[in-house]
Amino acid sequence: MQDRITRAFIESYAGKWIDDVKTDTHRAARKLAELGGLWSRSGKQEGFFNGIDDLLGNDRSEYYTIANRVTNTVAKNNLKRFGINFGCNALGSGAKKLREQAQAGHPVPWTAVITADERTLEGAGLQKLTDFTSDCREAGIYLFFLRVRAKDPGALRAYLAEFSDCAFALFLEGCEAPAALAADNALIALPLGGADEAFSALAKAGALRGVYADGAPDARKLEEASAGAAALDAQLLFLLSQDGPADGDAAAALSAYRAAPALPVFPVALPDDLLQLGARVAGRAMYLEVAPDGAAALRTAEGRSPLPNVYETPLSFVLRMIK
């Protein structure tokens with residue numbers, strides 16, 4: 001009952017908050033952080049929102065610029081639906097279910113990072129992806145990161161619509177018409193460099209958008225990539241590392257940038273932020289990685305541990321292997 005009441009309140013409040021940010025960014029942003037802390041279900045979740053509140057302590061912070069630009073350039077329905085699916089479903093009711101399972105001795109990763117190619121998006125491949133996503137949602141997972149390597153990933157439109165209560169971050173590679181994938185429950189990120197026209201098309205479509213670059217978030221990478229993102233007027237920058245969490249120097253550089261961003265760009269580091277958020281919202285620093293053929297691994301701070309193929313094996317069986 002409490003979950004339904006909270007969700008109904010957020011549904012009715014979200015549109016007004018977006019309008020308020022456009023006209024009174026400072027007050028609306030701080031109020032959202034305060035409400036997030038108030039509705040937190042655990043000490044770690046409360047600490048997460050308190051951290052956001054701390055970042056907003058400087059009235060001249062670029063975070064206010066980011067909030068204002070996002071709310072003024074992204075379609076209201078896209079911002080509202082993605083925000084509710086991420087905040088209410090993934091970080092709220094979904095995370096609650098994950099914590100309960102973890103306390104019962106059955107930990108479940110809080111999100112999945114899926115790589116998809118042309119084969120994944122055709123016929124039987126797409127059905128396997130759909131079935132896997134449905135099983136994840138049943139387990140309490142509502143947030144998905146898809147790295148899509150395909151010229152025409154149009155089949156994803158029906159897939160996104162089927163999971164309208166989930167939030168998706170799409171990292172497109174080689175896509176000829178990314179704006180065609182714009183959906184209310186999706187964030188679309190394009191590779192930094194050579195994506196100017198495609199990014200402009202996303203902006204015209206009012207899509208929630210960002211750019212991404214491969215590599216760890218060291219000081220030099222942050223400076224160069226954030227400048228490139230700012231030149232495109234992209235407020236979200238994703239740094240994707242295949243080598244695991246950042247080392248001490250890179251992690252320190254990321255923390256320093258976030259504490260006082262020089263540009264209106266917010267960097268998100270993968271896998272670092274996914275592991276940290278998993279620990280905060282679901283009680284375990286881990287998530288699933290899935291290859292185009294369904295080969296899977298459990299990603300933790302210590303590295304990858306292989307799991308059975310999730311397109312060929314029931315997810316319930318795969319999850320029982322996680323201790």
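Residue numbers count from 1 along this sequence.
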Kindly state each residue pair satisfying salt bridge (charged side-chain N to carboxylate O under 4.0 Å, His left out) with at least one member in [range], sequence neighbours excluded.
range	answer
residues 105-117	D117-R119
residues 169-195	R147-E173, R149-E173
residues 301-312	K128-E312, E289-R304

Side chain to side chain donor-acceptor pair (under 3.5 Å) between R81 and S164: does it pass, once the steps are laid out? CA-CA 9 Å; R81 178 51 46 206; S164 60; over 6 Å; no

Shared hydrophobic cluster for L208 and Y142 (ILVMFWY, side-chain gaps under 4.5 Å):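 As far as the 4.5 Å side-chain criterion goes, Y142 and L208 are not connected within one cluster.
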
With sequence neighbours excluded, tell me which residues meet ring-ring contact (aromatic ring centres under 6.0 Å, His included) with F163.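 By the ring-ring contact (aromatic ring centres under 6.0 Å, His included) rule, F163 matches Y159.
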
Would you say the side-chain atoms of K97 pair up with the backbone N or O of E138, donor to acceptor, closer than 3.5 Å?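 Yes, because the side chain of K97 sits within donor-acceptor range (under 3.5 Å) of the backbone of E138.
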
Would you say S255's side chain and A251's backbone share a donor-acceptor pair under 3.5 angstrom?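 A pair under 3.5 Å: yes.
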
Donor-acceptor list for residues 315-323 side chains, cut-off 3.5 Å, not counting sequence neighbours:
from: K323; atom 1: NZ; to: R320; atom 2: O; distance (Å): 3.3

Please tabulate, one pair per line, all N/O donor-acceptor pairs under 3.5 Å involving side-chain atoms of residues 223-239, not counting sequence neighbours.
from: E224; atom 1: OE2; to: R220; atom 2: NE; distance (Å): 3.0
from: S226; atom 1: OG; to: L222; atom 2: O; distance (Å): 2.5
from: S226; atom 1: OG; to: E223; atom 2: O; distance (Å): 3.2
from: D233; atom 1: OD1; to: R69; atom 2: NH1; distance (Å): 3.3
from: D233; atom 1: OD1; to: Q235; atom 2: NE2; distance (Å): 2.8
from: Q235; atom 1: NE2; to: D233; atom 2: O; distance (Å): 3.3

To the nearest 0.5 Å, how far apart are CZ in F168 and CZ in F82?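 F168 atom CZ to F82 atom CZ measures 10.0 Å (nearest 0.5 Å).
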
Classify the ring geometry between Y311 and F132 as parallel (under 30°), tilted (30 to 60°) or perpendicular (over 60°).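 Geometry flag for F132 against Y311: perpendicular rings.
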
